[in-house]
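Here the structure comes first, spelled out in structure tokens, and everything after it is commentary.
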Amino acid sequence: CFQIKYIKTLNQVIAAMETQLSNGPTCNNTSNGPSTISNNCSSPVESGSMEDSKTNLIVNYLPQNMTQEELKSLFGSIGEIESCKLVRDKITGQSLGYGFVNYVDPKDAEKAINTLNGLRLQTKTIKVSYARPSSASIRDANLYVSGLPKTMTQKELEQLFSQYGRIITSRILVDQVTGVSRGVGFIRFDRRIEAEEAIKGLNGQKPPGATEPITVKFANNPSQKTSQALLSQLYQSPNRRYPGPLAQQAQRFRLDNLLNMAYGVKSRFSPMAIDGVTSLAGINIPGHAGTGWCIFVYNLAPDADESILWQMFGPFGAVTNVKVIRDFNTNKCKGFGFVTMTNYDEAAMAIASLNGYRLGDRVLQVSFKTNKTHKA
DNA sequence: TATTATT
């Protein structure tokens, strides 16, 4: 089932960052994401050549639902940003989980590495490091390695591959329950040439002490998989009654713009920034966040049932409750219903996407529930 | 036997 995991609340980012700023970065590369032995969070600042940028950072392992504006807000707390970009899939608009932050002042870039590298955001531990100069030679340098001895450590894996070049990241996948190696992993080299040489030298070879040969090949391109998954999703349910990913993407950019405005008029990391969104959007301030965000859905057909509300809103995130309001005598829908969603941003996304949506021969009106009573 | 690192 296609799911949009949209942004968490800004407050979560703020809370995580404030914790981080008071405690300092947590060095934890084992819980999430690959790392290199030589370039982990204890020494993220590498000495680069004179030509390397001292202001441009690459940020990896971002939560899937983090927006560019959140990225900008988070890193803007360090210093003035010249530019900021969250990299998205060209076709689907889905975040690829990394982005770039270019500061005006090199000192701020260094401070961002020291402050934000290793920051935990949701289930991720972000990595902040200097971006290498963009070049075709550093693309497609990621290798997939299988058939590894279960006893091989990440360090041993790096030692095996380091003879072919500079390793950017390495990872051995482990069973989530037992933590034992699954015998497969990834090696990202600095340059594609190095990866090619490693394939020539190590594919089909037995590592020292191993009884079985390993397989070394280029890793699948992640954006391809994402596109395929989303496209198959499109074809899988041609009669879907809610918008597909592309329609949602368009709405998403609208919401991004609203967030951008909100962030601009409110002091950074103000807990009230979210309310800025609602007022700027001309949306009534929604009801209590404690029990979730209540959404009013109007112009449902008489035969509408709860399942249609689950189908429409579920793809946008956590839905805790749906209700179709029915006439006591006829048991037919009175034309409206309610949906409760846990997370503000997912609710806002659902509203932005579903308001005005045509369901059958009716055009829905979807908004946050107001304090007014709704008399049809 | 598959995570998301070059705009």
Side-chain angles (χ1 to χ4, degrees), chain A residues 5 29-36 38-41 44 46 48 51-53 55-66 68 71-72 75 81-103 113 117 121-150 154 157 165-176 180-192 194-195 203-204 212-230:
Chain A
K5 289 296 183 184
N29 277 329
T30 58
S31 65
N32 163 55
S35 65
T36 62
S38 58
N39 181 23
N40 58 30
C41 63
E46 292 188 350
E51 298 175 7
D52 288 351
S53 168
T55 59
N56 196 24
L57 303 179
I58 185 166
V59 187
N60 294 109
Y61 312 110
L62 293 170
Q64 169 61 222
N65 51 19
M66 189 169 188
Q68 179 164 297
L71 184 68
K72 187 175 184 181
F75 283 79
I81 292 175
E82 189 277 327
S83 62
C84 170
K85 177 158 190 177
L86 177 70
V87 180
R88 299 178 182 275
D89 182 283
K90 287 189 177 69
I91 299 172
T92 67
Q94 296 293 296
S95 167
L96 294 183
Y98 68 93
F100 297 89
V101 176
N102 193 21
Y103 283 99
I113 292 175
N117 182 50
L121 291 177
Q122 301 183 157
T123 63
K124 301 287 190 176
T125 301
I126 70 171
K127 180 178 177 183
V128 185
S129 53
Y130 287 116
R132 293 170 284 163
S134 184
S135 159
S137 65
I138 66 174
R139 292 177 50 184
D140 302 319
N142 194 23
L143 295 181
Y144 175 74
V145 187
S146 58
L148 295 168
K150 297 288 195 289
Q154 184 187 20
L157 180 67
R166 177 191 172 202
I167 295 171
I168 302 299
T169 58
S170 69
R171 161 178 254 189
I172 291 179
L173 301 184
V174 298
D175 184 287
Q176 289 192 346
V180 70
S181 168
R182 295 166 61 188
V184 302
F186 294 88
I187 293 279
R188 180 180 297 279
F189 278 102
D190 182 36
R191 309 176 76 83
R192 182 168 61 250
E194 298 167 340
N203 183 39
E212 300 298 324
I214 62 174
T215 298
V216 183
K217 57 187 182 182
F218 283 109
N220 293 338
N221 193 322
S223 59
Q224 289 174 358
K225 186 187 174 190
T226 303
S227 301
Q228 285 172 0
L230 291 170

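Order of the sequence lines fixes the chain letters, A, B, ..., with proteins taken first and strands second; residue numbering starts at 1 for each chain.
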Can you tell me the distance, in whole Å, between the [atom1] atom of [X] and the [atom2] atom of [N]?
X: A:Ile187; N: B:dA2; atom1: CD1; atom2: C1'; value: 14 Å
X: A:Leu143; N: B:dT3; atom1: CG; atom2: P; value: 16 Å
X: A:Arg192; N: B:dT6; atom1: CZ; atom2: C1'; value: 12 Å
X: A:Ile81; N: B:dT7; atom1: CD1; atom2: C1'; value: 15 Å
X: A:Lys127; N: B:dT6; atom1: NZ; atom2: C1'; value: 13 Å
X: A:Phe189; N: B:dT6; atom1: CZ; atom2: P; value: 15 Å
X: A:Leu62; N: B:dT6; atom1: CG; atom2: C1'; value: 14 Å
X: A:Arg88; N: B:dT7; atom1: CZ; atom2: P; value: 16 Å

Tell me every residue that passes side-chain contact (heavy atoms from CB on, under 4.5 Å) with A:Ser134, counting only those two or more places apart in sequence or in another chain. none
Between the base of B:dT7 and the side chain of A:Asn56, is there any donor-acceptor pair under 3.5 Å? yes
Check: B:dT6 base within 3.5 Å donor-acceptor of A:Arg139 side chain: no
Nearest to the [X] side chain among [options], which nucleotide is it?
X: A:Lys85; options: B:dA2, B:dT7, B:dT6; result: B:dT7
X: A:Lys217; options: B:dT6, B:dT1, B:dT3; result: B:dT1
X: A:Ser129; options: B:dA2, B:dA5, B:dT6; result: B:dA5
X: A:Ile138; options: B:dA2, B:dA5, B:dT6; result: B:dT6

Heavy atoms only, 4.0 Å cut-off, all strands: where does [X] land among base, sugar-phosphate and nothing?
X: A:Tyr98; value: sugar-phosphate
X: A:Asp140; value: nothing
X: A:Ser134; value: base

Would you say A:Arg182 places a side-chain N or O within less than 4.0 Å of OP1 or OP2 belonging to B:dA2? yes
Please confirm whether the shortest side-chain N or O distance from A:Tyr61 to OP1 or OP2 of B:dA5 is below 4.0 Å. yes
Any side-chain hydrogen bond (donor to acceptor under 3.5 Å, both in side chains) pairs touching residues 182-192 of chain A, not counting sequence neighbours? A:Arg132-A:Asp190, A:Ser137-A:Arg191
Taking the six-membered ring for Trp and the full ring for Phe, Tyr or His, determine whether the centres of A:Phe186 and A:Tyr144 are under 6.0 Å apart. yes
Can you tell me how far OG of A:Ser95 sits from CG of A:Asn65, rounded to the nearest 0.5 angstrom? 8.5 Å
Is A:Phe186 stacked against the base of B:dT3, taking the criterion as centroid distance under 5.5 angstrom and interplanar angle under 30°? yes
A:Ile187: which of A:Val216, A:Ile172, A:Asn142, A:Ile167 passes side chain to side chain contact (heavy atoms under 4.5 Å, CB included): A:Ile167
